Structures are given as C-alpha cells and as structure tokens.
Amino acid sequence: MWPDFRLAIGQLAHRPLRTFLTLLGMIFGVGAVISMLAVSEGGLKQSMKMIQGLGVENIIVEDLDLSTEELLEVRKHSSGLSVDDARAVKETLHFVDKWAGIKNLRVWTLFSHEDEGDSINSEVWAVSSDFFELSSLGIEVGALFTDEDNQEFATKAVLGETTARRLFPNGDAIGKPVKVNFTWFEVIGVLQDQKIPGEEIQGIKVGGDSDRVYIPLNTGLNRLKVEDMASELTEVKFKIKGESLVSAEAAIRESIKRRHGAQDDFSVTVPNDILAQQRQTNRIFTIVMTSVAIISLLVGGIGIMNIMLASVLERKSEIGLLRAVGATKADVVRQFLIETTVIAFIGAIFGIVAGVVLAILITFFAKWPVAWNYFGISVAVIVCMAIAVAFGVYPAVSAAKLDPVAALQSE
C-alpha cells in the first residue's frame, strides 16, 4: 500500500491551502478534546488530593461562625465545640477510632530573628497530636510533637514548608525560635509540602497546610489569648472504623447536639461525600466538554467529505484512466480512503500538539492544574480517524461508481 500512500500525500501536497483548511477541523477537534480532558483530569486530581487531606475515613465537626446576636443567644445553652465534646464522643461511640482537635488562633505577631521584616500572615493552629495522622501530613525534617508535649503545655512548633521558608529564608529552621503573639516557640519540625493551595470546597476549608504554624492544642488554649465567647475548638476530626459513615455521622451529630442543649451551633461534614460529589461534577463537566469537542470533530469530518467530493469531480479523468488500465472499484475506494486517512492522521498529530499547548496555556494564565489522560488522548485520535474515514466512505464509493468511459470524456 506504500505507493497508494505516496500518491495520497502527493495529491494533498498539490493543493496545500485546501488541505490545510481541511486539517483545521481535525486539529481543533482533537486539540479541544485533549485540552478539556487534561483540565478535567487535573481538576479532579487536585480536588481528590485536597479532600483526601481531610481524610476520607473522617467525619469533621466545625464550629459555626455566628453573628454577635446569635452567639449571645446560643451561649445561654451551649459553650460551643470543646475538647470535652470530642472526648465524650470517643468514649460513647465505639466506632470512633481517634479524634483530633483544632483551634484556629488569632495572631497579630508572627516572626523570627531571621525573617526579612516582611509581614508574615500565616495561620497558627493549635492541634492535638493525632491531627497530623488524620490529615495525612508527613514530616520533611525534624519531628512532630507528641501527646506528652500536649499534656506538658510544651512551647514547640511544627511549620508548614511555605511558612518555614518565610520565617527562615537562610535555611534550616529546626531548633530555632519563632514568636507567636507574646510567646516564643521552638521549631521542632517542618512538614512535607503537599503543594495544595488553601481553598474551600462546599464551604469546607481544605489545603493551605504549608502556610501554617502548628502548636500543641493545650499550649494554644492556655498560653495564647482566645476571643470572648469563642468556642474552645474550631474543628474536630473523628476517624471512623468499622461503621458506615452515614450512620456514624448521624450518631456524632446527635451526641454533640445533646451536649449543646439542642443548639445548632456546629456543622458536620463527611469528606467522602464531598469526594463523591466532586467526582460526579467532574464527570458531568467531562461529558459536556467532550461532547462539544466531538461536535468539532464531526464538523471537521463534514469538511473532509466536502473536500473529497470536490476532489472526485476534479479528478474524473484520472479515475477514468485508472479504471481503463485495469484498476478495480476496490482500488479506487482504497485510494480515496487512504487520502482521507492521511488527512485524519496528520490532523490528529497536529491536534495533539495543539491540545498540549492549549492545556499549558490554561495552566499558565488561569493557574488551573492539568493532568494528562493518555487513554483519553488515544481515544481522541481513534475517534478523529474513525470520523474522518466514515465521512470519506461516501466520496470514495462515488468515485468508484463513475463510468470509466464517461469519466474519460469529461476532460
């Protein structure tokens, strides 16, 4: 079939402008499919990474941010989310394996002796020792504080990677002091950088772990000022084991609500449910955008059919001569289908390049993560060539059906 391919390439090269315009439909179609799949896949992986940081086996209870009037009324019945709430839930519900308390502290001073004087606006979280395990956070250098450190009100701190770089631009932070408000803390560890920016998914704050300072929970509650009427804890994470998350969520909600005098001053979130919803949303987005891209491929296929039909009319005498010297109808069909396949293949190759470039531009300008779906790229190329060949069948059959005598006389 090599002579047929050479002839097809020669025919396409003979009319470069028309060939280029025909290719555009395939290039745009394949490029759109690949770039949309890359954006969709990147968004899904980023969402999954963020939600997995919350813990897919966890249930999260958060203190609600109420107005002053609402808070005054609620505090008549409930003191807010507390360590006692977490301990009571752990003791009464057998399926609660571990819990971690979090207090987001108000900070007006955060610096070290080595920072460059810039404003450091990292958050300071007082957390219990199990927080790091339940949040899937690993240590890069140094160590994490322990439950003993928490019980002894130790002035130790673990830094996120970004915060460590800001406070200690010259390098190693381990063993060095940082000041939070009026208290000095010794840095004992720096976390691995998860490379997840701080964002919100369905009202739940996720990511941003690298831009925080972590101190023991009891130290934060006892040595740093807590706002009046504020809850003791901002958030509690419960790790569930041996129970469905749906029933566990209902039991935890009911337990805390009883302790809070039936006040709805907290919210309960199941990260696994958020993950399922994100996957569904991403699936719908992928289907819609891929459908639009496939429509572009169909338009490109129609363009190929139009060009090939015009080519048949222009090459009637050539077709008649081929038939007169012994070419069969199958030979003519094969020749035109090979031309169509060559157009589709070239369009698919340039479409892959266009899709990769477009995805990179989206990443650069929109700061949107992308991830390459190699199966999706393969499917896009196969669909492109299938559509092109399907739309090339009719012109090829039309060429084969031409009467050789009439075709030769058409010159």
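The structure presented is a predicted model; accordingly, all values stated were derived computationally and were not measured.
- For Phe95, the CZ atom sits in a packed shell: over 12 heavy atoms of surrounding residues, nucleotides or ligands are nearer than 6.0 Å.
- Residues Ile188 and Val158 have side chains in contact (heavy-atom distance under 4.5 Å, counting atoms from C-beta outward).
- Environment of CZ in Phe111: crowded, with over 12 heavy atoms of neighbouring residues, nucleotides or ligands closer than 6.0 Å.
- Of all non-hydrogen atoms in Thr109 and Val107, the two that sit nearest each other are O-CG1, 3.4 Å.
- The shortest side-chain heavy-atom distance between Ile252 and Phe238 falls under the 4.5 Å cut-off.
- Under the 4.5 Å side-chain criterion, counting only non-hydrogen atoms from C-beta, Phe266 is in contact with Lys257.
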Candidate pair Asp84 and Arg259, rule side chain to side chain contact (heavy atoms under 4.5 Å, CB included), full reasoning: CA-CA 10 Å; Asp84 288 340; Arg259 291 180 54 83; 3.4 Å; yes
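- Phe20 CZ: 12 or fewer foreign heavy atoms inside a 6.0 Å radius.
- In this view, Ala371 and Glu41, Lys45 satisfy the side-chain contact (heavy atoms from CB on, under 4.5 Å) rule, not counting sequence neighbours.
- Closest of all the heavy-atom pairs between Val141 and Ile139 is O-CG1, 3.3 Å.
- Counting non-hydrogen atoms of neighbouring residues, nucleotides and ligands closer than 6.0 angstrom, the CZ atom of Phe28 reaches no more than 12 such neighbours.
- Interatomic distance, CG of Leu358 versus CE of Met36, reported as 5.5 Å (0.5 Å rounding).
- Counting all heavy atoms, side chain and backbone alike, Gly347 lies closest to Leu23 at N-CD2, 3.6 Å.
- Separation of atoms NZ (Lys237) and CD (Glu57) is listed at 13.0 Å; rounding is to 0.5 Å.
- Taking CD of Glu123 as the start and CG of Leu110 as the end, the distance is 11.5 Å to the nearest 0.5 Å.
- Annotation for Lys241: atom NZ does not count as buried by contact number, only 12 or fewer foreign heavy atoms lying within 6.0 Å.
- Applying side chain to side chain contact (heavy atoms under 4.5 Å, CB included) to Tyr214 and the options Thr163, Ile102, Leu144, Leu137 leaves one that passes, Leu137.
- At distances below 3.5 Å, not a single donor-acceptor pair connects side-chain atoms of Ser78 with backbone N or O atoms of Val74.
- Considering every non-hydrogen atom in both Pro177 and Ser112, the closest pair reads O-CB, 3.8 Å.
- Side-chain contact between Thr269 and Ile59 is absent, with no heavy-atom pair separated by less than 4.5 Å.
- Of all heavy-atom pairs spanning Ala86 and Val236, the tightest one is CB-CG1, 3.9 Å.
- Taken from CD in Glu161 to CZ in Arg166, the straight-line distance is 10.0 Å, to the nearest 0.5 Å.
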Side chain to side chain contact (heavy atoms under 4.5 Å, CB included) assessment of Thr155 paired with Trp184: CA-CA 7 Å; Thr155 51; Trp184 287 95; over 6 Å; no
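- Here the CG atom belonging to Leu167 is positioned 6.0 Å from the CG atom belonging to Leu159, to the nearest 0.5 angstrom.
- One N or O on the side chain of Thr234 and one on the backbone of Asn104 form a donor-acceptor pair closer than 3.5 Å.
- The aromatic rings of Phe145 and Phe132 stand perpendicular to each other, their planes meeting at an angle above 60°, with 30° marking the opposite boundary.
- For an aromatic pair to be called close, the ring centres must be under 6.0 Å apart, and Trp99 with Phe131 fails this.
- Looking only at distances, a side-chain donor or acceptor of Ser82 sits under 3.5 Å from a matching main-chain atom of Asp85.
- When atom types are taken as modelled, the side chain of Asn181 and the backbone of Arg106 share a donor-acceptor pair closer than 3.5 angstrom.
- Pairing each heavy atom of Ser231 with each of Leu81, the nearest pair is OG-N, 3.4 Å.
- Of the N and O atoms on the side chains of Asn150 and Ser129, not one donor lies less than 3.5 Å from an acceptor on the other residue.
- Taking the side chain to side chain donor-acceptor pair (under 3.5 Å) definition, one finds that Asn218 meets it with nothing, sequence neighbours left out.
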Check against salt bridge (charged side-chain N to carboxylate O under 4.0 Å, His left out), Glu232 and Lys103: CA-CA 7 Å; Glu232 187 178 34; Lys103 179 63 177 180; over 6 Å; no
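- In this structure, CG in Leu64 is found 5.0 Å from OG in Ser267, a value given to the nearest 0.5 Å.
- The shortest side-chain heavy-atom distance between Leu233 and Leu217 falls under the 4.5 Å cut-off.
- Thr219 places a side-chain N or O within 3.5 Å of a backbone atom of Ala154 that can act as its donor or acceptor partner.
- Lys239 and Asp130 are not joined by a salt bridge, as no carboxylate oxygen comes within less than 4.0 angstrom of a charged side-chain nitrogen.
- Glu235 has its side chain out of reach of Asp63: every pair of non-hydrogen atoms, C-beta onward, lies at least 4.5 Å apart.
- Salt bridge Lys176/Glu114: present, at least one basic N to carboxylate O contact under 4.0 Å.
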Test side chain to side chain contact (heavy atoms under 4.5 Å, CB included) applied to Ile240 and Val96, step by step: CA-CA 5 Å; Ile240 307 304; Val96 176; 4.2 Å; yes
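- With hydrogens and angles disregarded, no donor-acceptor distance shorter than 3.5 Å links the side chain of Asn58 to the backbone of Ile60.
- Here the side chain of Thr340 pairs no donor or acceptor atom with the backbone of Val389 at under 3.5 angstrom.
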Chi angles and distances behind the side chain to side chain contact (heavy atoms under 4.5 Å, CB included) call for Lys156, Ile215: CA-CA 6 Å; Lys156 297 180 179 180; Ile215 63 175; over 6 Å; no
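- Using a 4.0 Å cut-off between charged side-chain N and carboxylate O, Glu249 and Arg253 make a salt bridge.
- Side-chain polar atoms of His77 and Asp265 form no donor-acceptor pair below 3.5 angstrom.
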